[in-house]
Amino acid sequence: TGTYENVKVEKVGEKKNVTLIQLNRPKALNALCDALIKDLNQALDEAEADKDVGAIVLTGSQRAFAAGADIKEMQDVKSFSDVYNTNFSLAWNRVTESGADIAEMRNKDFVEVFSKDFPKFDGIARLKKPILAAVNGIALGGGCELAMMCDIIYAGERAQFGQPEITLGTIPGAGGTQRLTWAIGKSKSMEMILTGNRMTAQEAEKAGLVSKVFPVETLVDETVKTAEKIASFSKTIVSICKECVNASHNMTLNEGLHFEKRLFHATFSTHDRQEGMTAFVEKRAPNFKDC
Ligand code: CO8
C-alpha cells in the first residue's frame, strides 16, 4: 500500500482482505484540507483496485473522525453572496464568462477539490466495494458528511455528530442536507442543521444514523470484524447488493423494485450464486470466485 502524508493505510483482518484507512492530520483534528482529500481519494482508488480487498474501513483518531472542511482554507475565498442575491443563474453565467469571482476561487486549493477531486470525494458512495465508517470523537460538517457517504456507520460511545455550518454562515455542502435527512428524517435533520447542535453516539444510534455503538477502544476492531464478514462473500454479489440499496434513494418504489428484480435475475448468471446454493444443499462452505 502507498504511503500518504494525511492518511494511514493498512491491510487488516485475518485474511488481510480489509483496507483500513485512518485519517491522520491530528494537528487540525483531521480537517479535510485539499491535500487530505487527495490522499484519501488515492487510498480509496488503491483499495478499490486491489483484488484481494473486499471491504474498506474509514476511521480517524479517538478524538476526531474529522472536524469538517478546512475552515482556514475556505476563510478567504470570495463569497458568492452577490451572486446569490441577484438572479442566481443569470449572475452565475455572467460571473463565469467574466471569470471574476470564480477566478479567485479557482486559485484556492480547496476549489480544486470542488472542481476536480470533489466529485470523487462525493463519489465515495459510488465505490463498488462497501465502505464502513468507524467514528470516534467528533464528526462535524464535512466530517459528518464523509461518514454519511459510507455504507455503514459504527460509532464509539463518545462520538458526536453535527452540521455546524450554520454557525459559520454557510450550509452543508457535501450532501449533509440530503443524506442526513434520508438517515434520520426531516425534523431531526432540520433541528441539527438549523441549530448546529450535535448529536451523541447514543442519540445517533436511536435515530438510525449509526447502526451500532461500541466502546472507544474496541470500535475499530469491531468495524473490521464486520468488514471481514462482508469481505468473505462474493465481491461481485456484494457490489450488486450495495448498488441496489443505494439506488433506493434515486428511484420511486416501483422503479426500485424493478431494478432490484433485474439485478436479482442477473445474480443467477454468476458462478457465485450457483456455488452458494450448491454449497448450502451439500452442507459445506461456499467457495466464491467473485464472478
Ligand atoms: N478547519 C480547520 N482547522 C480546524 C478545524 C477545521 N474545520 N477544526 C479544528 N481545526 C484546528 C483548530 O483551528 C486548531 O488549530 P490551532 O491549534 O492551529 O489553532 C486545532 O484544529 C485544534 O482545534 P481546537 O483548538 O479548536 O480544539 P477544541 O478541542 O477546542 O475544539 C472543535 C474542537 C469543537 C471541533 C473545534 O475545533 C471546532 O469547532 N472546529 C470547527 C468545526 C466546524 O465548524 N466544522 C464545519 C466546517 S464547515 C464544513 O465542513 C463545510 C462542508 C462543506 C463540504 C466541503 C468538503 C471538503
(message) Using modelled atom types and a 3.5 Å cut-off, is there a donor and acceptor pairing between side-chain atoms of Lys72 and backbone atoms of Cys33?
(response) no

(message) Using every non-hydrogen atom in the two residues, find where Lys8 and Asn24 come nearest and quote the distance to one decimal.
(response) CE-ND2, 3.5 Å

(message) For the backbone of Leu20 and the side chain of Glu10, can you confirm whether one donor and one acceptor N or O come within less than 3.5 Å of each other?
(response) no

(request) Using a 4.5 Å cut-off on heavy atoms from C-beta on, say whether the side chain of Glu48 contacts that of Lys128. (result) yes

(message) To the nearest 0.5 Å, what is the distance between CG on Leu58 and OG1 on Thr19?
(response) 11.5 Å

(message) Any non-hydrogen side-chain atom of Glu5 less than 4.5 Å from a side-chain atom of Asp39?
(response) yes

(request) Kindly say whether Ala207 contributes a backbone atom to a donor-acceptor pair with the side chain of Lys188 at under 3.5 angstrom? (result) no

(message) Using a 6.0 Å cut-off, check whether atom CE of Met190 has over 12 heavy atoms from anything other than its own residue.
(response) no

Between side-chain atoms of residues 211-223 and protein atoms elsewhere (two or more places apart, or another chain), which donor-acceptor pairs fall under 3.5 Å?
from	atom 1	to	atom 2	distance (Å)
Ser211	OG	Ile153	O	3.4
Thr218	OG1	Pro215	O	3.3
Thr223	OG1	Leu219	O	2.7

(message) Working to the nearest 0.5 angstrom, can you tell me the gap between Ile171 CD1 and Gln163 CD?
(response) 10.5 Å

(request) Could you note down all residue pairs passing side chain to side chain donor-acceptor pair (under 3.5 Å) where residues 265-274 supplies at least one of them, sequence neighbours left out? (result) Ser234-Asp272, Arg262-His265

(request) Would you mind reporting whether Thr236 and Phe288 have side-chain heavy atoms less than 4.5 Å apart? (result) no

(request) For Phe268, look at atom CZ and say whether over 12 heavy atoms of other residues, nucleotides or ligands are found less than 6.0 Å away. (result) yes

(message) Please list all pairs meeting salt bridge (charged side-chain N to carboxylate O under 4.0 Å, His left out) that have one or both residues in residues 198-207, counting only residues at least two apart or in different chains.
(response) none

(request) Treat each ILVMFWY residue as a node, draw an edge where side-chain heavy atoms are under 4.5 Å apart, and state whether Val210 and Val135 are in one component. (result) yes

(message) Do the side chains of Asp70 and Arg25 get close enough for a salt bridge, i.e. N-O under 4.0 angstrom?
(response) yes

(message) Quick check for you: to the nearest 0.5 Å, what is the distance between Ser189 atom OG and Trp182 atom CH2?
(response) 11.5 Å

(message) Hydrophobic clusters here meaning ILVMFWY residues chained together by side-chain heavy-atom distances under 4.5 Å, can you tell me if Met149 and Val245 are in one?
(response) no

(request) Calculate, to the nearest 0.5 Å, the distance between atoms CD and CZ belonging to Gln22 and Phe65 respectively. (result) 11.0 Å

(message) If I compare all heavy atoms of Ala227 with all of Ala55, which pair ends up nearest, and what's the gap?
(response) O-CB, 3.6 Å

(message) I'd like to know whether CD of Glu260 has more than 12 heavy-atom contacts from other residues, nucleotides or ligands below 6.0 angstrom.
(response) no

(request) Could you tell me whether the side chain of Val18 reaches within less than 4.5 Å of the side chain of Leu132, counting heavy atoms only? (result) no

(request) Following the transitive rule for hydrophobic clusters with a side-chain heavy-atom cut-off under 4.5 Å over Ile, Leu, Val, Met, Phe, Trp and Tyr, establish whether Val12 and Ile131 coincide in one cluster. (result) no

(message) Show the nearest heavy-atom pair for residues Gly54 and Pro130, with the distance to one decimal.
(response) O-CD, 3.5 Å

(request) Decide yes or no on side-chain contact (heavy atoms from CB on, under 4.5 Å) for Lys242 and Leu127, but give the supporting numbers first. (result) CA-CA 9 Å; Lys242 168 173 166 161; Leu127 288 175; 4.1 Å; yes

(request) Output the distance between atom CG (Leu32) and atom CD1 (Ile37), rounded to the nearest 0.5 Å. (result) 5.0 Å

(request) Side-chain contact test, heavy atoms from C-beta onward, threshold under 4.5 Å: evaluate it for Arg179 versus Glu145 and give yes or no. (result) no

(request) Return the minimal non-hydrogen interatomic distance between Asn30 and Ala64, and the atom names on each side. (result) ND2-O, 3.1 Å

(request) Could you check if a side-chain atom of Asn136 sits within less than 4.5 angstrom of a side-chain atom of Thr59, using non-hydrogen atoms only? (result) no

(request) Evaluate the side-chain contact (heavy atoms from CB on, under 4.5 Å) criterion for residues Leu180 and Phe161: first the C-alpha distance (whole Å), next the side-chain angles of each, then the deciding distance (0.1 Å), finally the verdict. (result) CA-CA 10 Å; Leu180 189 62; Phe161 298 84; over 6 Å; no

(request) Answer yes if Leu36 and Tyr4 sit in the same cluster of Ile, Leu, Val, Met, Phe, Trp and Tyr residues linked by side chain heavy atoms under 4.5 Å apart, and no otherwise. (result) yes

(request) Show your reasoning for whether side-chain contact (heavy atoms from CB on, under 4.5 Å) applies to Met192 and Met199. (result) CA-CA 8 Å; Met192 276 177 79; Met199 215 179 223; 3.9 Å; yes

(request) Treat each ILVMFWY residue as a node, draw an edge where side-chain heavy atoms are under 4.5 Å apart, and state whether Ile240 and Phe259 are in one component. (result) yes

(request) For the residue pair Met148 and Leu209, establish whether any side-chain heavy-atom pair is separated by less than 4.5 Å. (result) yes

(request) Please test Glu228 against Asn17 for side-chain contact (heavy atoms from CB on, under 4.5 Å), starting from the C-alpha separation and ending with a verdict. (result) CA-CA 7 Å; Glu228 281 186 275; Asn17 56 0; 4.2 Å; yes

(message) Could you tell me if the side chain of Ile193 sits less than 4.5 Å from the side chain of Ile166, heavy atoms only?
(response) no

(request) Provide the closest heavy-atom pair for Ala69 versus Ala31 in the form atom of the first, atom of the second, distance. (result) O-CB, 4.4 Å

(request) Of all the heavy-atom pairs spanning Pro286 and Gly276, show the shortest one and how long it is. (result) CB-CA, 4.3 Å

(request) Supply the atom-to-atom distance Asn41 CG to Lys38 NZ, rounded to the nearest 0.5 angstrom. (result) 9.5 Å

(request) May I ask you to check whether over 12 heavy atoms, not counting those of Gln178, lie within 6.0 Å of atom CD? (result) no

(request) Could you tell me whether Asp290 and Lys51 make a salt bridge, using a distance below 4.0 angstrom between a side-chain N and a carboxylate O? (result) no

